[in-house]
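One structure coming up, written as structure tokens, with questions to follow.
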Amino acid sequence: MRLYNTLTRRVEDLPPPPGPVRMYFCGPTVYQRAHIGNARPFVLGMWLRAWLRERGYDAILVHNITDVNDKIYEAAPSASAELAEKATAWYLEDTADLGLGLPELMPKATESIPQIVRFIEELIERDVAYAVDGDVYFRVASDPGYGRLSGQRPDQVEEQEPNPRKEDPRDFALWKAGKPGEDTWWDAPWGRGRPGWHIECSAMAEDAFGPVFEIHGGGLDLVFPHHENELAQSNALGHPFARIWTHNGMLSFAGEKMSKSLGNDVSIRNVLDTWGREVILLFFMTAHWRKPIDFDDDALAQAKAQVEGFRNVFRRESEKAGDWADFRRALDDDFNTPEALAVLHGWRDHDLLRRALGLFGLASLAEADVAPADVVELAEARRAARTDGDFARADRLRDEIAALGWDVRDTPGGFDLYRR
RNA sequence: GGCGCCUUGGCCGAGUGGUUAGGCACAGGUCUGCAAAACCUGGUACACCGGUUCGACUCCGGUAGGCGCCUCCA
């Protein structure tokens, strides 16, 4: 099994099974209903876990919830805790409805404050961090390796609005002193406030796994500064931290190609309600995980057509057609799901196909539809009409069946009914 | 300004120094009362300009266009 590692910019072999493979994938900041782009790292993490287990690995996934930061304060002045709690529940609900199960652990920043504070204390003891007026900053100059993950050169990083409390403009916050209007805070040795974003993830990942683990994932937009800073913090304590960094490509919602069916609401919830979980999962399979994907109606419609194609395979007799080795080869090579999907399109063996689709949360495509009694009654009436040669009536009945959301297909012996 | 990625047939999208990707859509056919499903057939693509090579979509250089990030966006 090989995966591309952002850190080395190469495809690398994983250690042989059983591993372990401990994976930490960055989760959302909870200030609104998560959008479909947030689903990509979640889905990728769950799929990878499933595939690694299939390959004999002991794979564990931790996926955090950032439930304290500026965005939440801004979105709900003086009520951020309530919003964070509500949005966390939404996220759990939405991701659960993708039908992939849940990670082993979904730690929340607000429940990891003691670990975060201890982490910061150690950084201060090592003199790689300093407290100023209730803030604490990481001293970037103390890390000669800073920039090796992202390739950013610290001297070229764009200047932000100057912050006189920083020794160096490149330094980043580990702890922020509480400001008026912020309704959540914790007391720490250097004052009342709340943690910075980057330290949360270092602390939560190490709290779950210890100072070294195999894979750290997240969106490509997190490489810099978020992940670069996580690496710097942990390395500063002598911790190796993540071995392999996986960064998924972004979804693009380009102008006129923007989904008409969803309007501006591209929340996971809305996409689930409009297109269904199977279409979303198939859609994510169509592109390699590192590449960007355009999110629009056309792409979703094509995914839906593929979903139907697989359903139809299960509606016919199973044939001995399919070789697991082809599928395995595709996924073992940097988890190439489009290649794997191409392999699956050639398969006609129900058991094999169900097993493969099941790894992607799509075993439901093998489930037979059971039509309600009234639809069956209409179909029986249509069969009688056809036997009588009354095709006009038969066609009318077919329209009625369609109006109820079902398709009727004639068979030598009678008919089959399928949900449209 | 800096770091990095991408450009494949109507659409989506893998991949390889010389061999059919696959899917979706479309057209014709077989089957069907008509359909649906299935199966068969059809379209030979790799932004542009140079270079390397016996041979490049695949390697190198350049041009154009698109995209991500540059201190809290997955």
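The sequence lines fix the lettering, A, B, ..., with proteins before strands; numbering per chain opens at 1.
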How far apart are the closest heavy atoms of A/Asp349 and A/Asp351, and which atoms are they?
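Closest approach of A/Asp349 to A/Asp351, heavy atoms only: OD1-N, 3.0 Å.
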Using atom P of each nucleotide, how far apart are B/A37 and B/A25 to the nearest Å?
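It comes out at 9 Å once rounded to the nearest Å.
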Which part of the nucleic acid, if any, lies within reach of A/Gly37 when heavy atoms closer than 4.0 Å are counted: base, sugar-phosphate only, or nothing?
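Base, at least one base atom sits under 4.0 Å.
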Could you tell me whether A/His35 contacts a base, only the sugar-phosphate backbone, or nothing, with contacts defined as non-hydrogen atoms closer than 4.0 Å?
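Touches a base.
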Taking Watson-Crick and G-U wobble pairs with both distances under 3.5 Å, convert RNA chain B into its dot-bracket string, 5' to 3', dots for unpaired and | for cross-strand pairs.
(((((((..(((.....[...))).(((((.......)))))....(((((..]....))))))))))))....
Expressed in angstrom and rounded to an integer, what is the separation of A/Leu222 atom CG from B/A74 atom P?
7 Å
Whether the A/Ser80 and A/Glu182 side chains hold a donor-acceptor pair (N or O, under 3.5 Å, no angle test) is what I'd like checked.
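Judged by distance alone, the side chains do not pair up.
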So, OP1 or OP2 of B/C69: does either fall under 4.0 Å of a side-chain N or O from A/Ser150?
no
With distance as the sole criterion, is a donor-acceptor pair present between the side chains of A/Thr95 and A/Asp97 under 3.5 Å?
no
Looking only at side-chain atoms of A/Asn69, point me to the closest of B/A74, B/C73, B/A14.
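Output: B/C73.
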I need the CG-P distance between A/Leu149 and B/C70, as an integer number of Å.
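So the CG-P distance, A/Leu149 to B/C70, works out to 14 Å.
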Polar-atom pairs under 3.5 Å, protein N or O versus N or O of nucleotides 36-38 of chain B: list them with distances, or write none.
from, atom 1, to, atom 2, distance (Å)
B/A36, O2', A/Arg409, NE, 3.2
B/A37, O3', A/Asn312, ND2, 3.4

Using a distance-only test with no angle check, is there a side-chain donor-acceptor pair under 3.5 angstrom linking A/Gln233 and A/His198?
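Not at all, the side chains of A/Gln233 and A/His198 share no donor-acceptor pair under 3.5 Å.
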Does a side chain donor of either A/Trp406 or A/Asp369 reach within less than 3.5 Å of an acceptor in the other side chain?
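Result is no, nothing qualifies.
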Within the 3.5 Å criterion, strictly below it, is a donor on A/His247 or A/His227 matched to an acceptor on the partner's side chain?
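There is such a pair between these side chains.
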If I take atom CG in residue A/Leu344 and atom P in nucleotide B/G23, what distance separates them, rounded to the nearest angstrom?
12 Å
Toward the 5' end of RNA chain B, by each residue's nearest nucleotide, A/Glu339 or A/Gln302
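Here A/Glu339 is the residue nearer the 5' end.
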Between B/C60 and B/U52, how many Å separate the two P atoms, rounded to a whole number?
15 Å
Could you check whether the side chain of A/Arg290 and the base of B/C5 have a donor-acceptor pair of N or O atoms closer than 3.5 Å, going by distance alone?
no
Flag yes if more than 12 heavy atoms outside A/Arg269 fall under 6.0 Å of its CZ atom; otherwise flag no.
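Yes - once you tally the heavy atoms of other residues, nucleotides and ligands closer than 6.0 Å, there are more than 12.
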Regarding A/Asp127 and A/Arg139, does a basic nitrogen lie under 4.0 Å from an acidic carboxylate oxygen?
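Answer for the salt bridge query: yes.
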Salt bridge A/Lys71-A/Glu74, side-chain N to carboxylate O under 4.0 Å
no
Describe the nucleic acid contact of A/Leu251 in one word from base, sugar-phosphate, nothing, applying a heavy-atom distance below 4.0 Å.
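Base, at least one base heavy atom under 4.0 Å.
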Respond yes when some side-chain nitrogen or oxygen of A/Lys291 is under 4.0 Å from OP1 or OP2 of B/A14, and no when none is.
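For A/Lys291, the contact criterion (side-chain N or O under 4.0 Å from OP1 or OP2 of B/A14) is met.
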Classify the nucleic acid contact of A/His345 as base, sugar-phosphate or nothing, counting any heavy atom under 4.0 Å across all strands shown.
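Sugar-phosphate contact only - A/His345 comes under 4.0 Å of backbone atoms but never of a base.
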Can you tell me, in whole Å, how much space there is between the C1' of B/G51 and that of B/C40?
45 Å
A/Arg126 side chain to A/Ser142 side chain, donor-acceptor N/O pair below 3.5 angstrom:
no
What's the CE-C1' distance between A/Met106 and B/A74, to the nearest Å?
13 Å
At 4.0 Å (heavy atoms only), tell me whether A/Asp221 reaches a base, stays on the sugar-phosphate, or touches nothing.
base
Given the C1' atoms of B/A38 and B/U32, what is the spacing between them in whole Å?
12 Å
Aromatic contact, A/Phe310 with A/His345 (centres under 6.0 Å):
yes
Residue pair A/Asn38 / A/Arg33, side-chain donor-acceptor N/O under 3.5 Å:
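No, because no side-chain N or O of A/Asn38 sits under 3.5 Å from a partner of the opposite role on A/Arg33.
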Students often get this wrong, so: under 4.0 angstrom with heavy atoms, is A/Ala299 touching a base, only sugar-phosphate, or nothing?
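Nothing: the residue A/Ala299, judged by heavy atoms under 4.0 Å, touches no strand.
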Flag the pair A/Tyr73 / A/Tyr31 as yes when their ring centroid distance falls below 6.0 Å, and as no otherwise.
no
Among the nucleotides B/C70, B/A14, B/C24, whichever has the atom closest to the side chain of A/Gln152 is B/C70
Salt bridge check: are A/Arg49 and A/Glu104 linked by an N-O gap of less than 4.0 Å?
yes
Please give, in whole Å, the distance from B/G23 P to A/Leu282 CG?
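Rounding to the nearest Å, CG of A/Leu282 and P of B/G23 are 13 Å apart.
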In whole angstrom, give me the gap between the P atoms of B/G4 and B/A47.
22 Å
Counting just side-chain N and O atoms, does A/Asn336 come under 4.0 Å of either OP1 or OP2 of B/G15?
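Indeed, a polar side-chain atom of A/Asn336 lies that close.
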Between B/C57 and B/C48, how far apart are the two C1' atoms, rounded to whole Å?
14 Å
Within residues 380-395 of chain A, those residues having any heavy atom closer than 4.0 Å to RNA chain B are A/Arg382, A/Arg386, A/Phe391, A/Asp395
Heavy-atom count around A/Glu85 CD within 6.0 Å, excluding the residue itself: above 12?
no
Between CG of A/Asp296 and C1' of B/C67 the distance, given in whole Å, is 15 Å
Taking B/G13 as the reference, what is the distance to B/U8 when you measure between their P atoms (whole Å, please)?
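After rounding to an integer number of Å, I get 9 Å for this pair.
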Provide, to the nearest angstrom, the distance between the CD atom belonging to A/Glu228 and the C1' atom belonging to B/C69.
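Atom CD in A/Glu228 sits about 12 Å away from atom C1' in B/C69.
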Distance between P atoms of B/G23 and B/G42 (Å, rounded):
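That atom pair is separated by 14 Å.
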Which part of the nucleic acid, if any, lies within reach of A/Arg398 when heavy atoms closer than 4.0 Å are counted: base, sugar-phosphate only, or nothing?
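Base, at least one base atom sits under 4.0 Å.
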Select base, sugar-phosphate, or nothing to describe what A/Thr66 touches, counting heavy atoms under 4.0 Å on all strands.
nothing
By nearest heavy atom, map A/Tyr4 and A/Pro195 onto RNA chain B; which one lands nearer the 5' end?
A/Tyr4
Measure from CG on A/Asp416 to C1' on B/U32 and round the result to the nearest Å.
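Interatomic distance, CG of A/Asp416 to C1' of B/U32: 15 Å.
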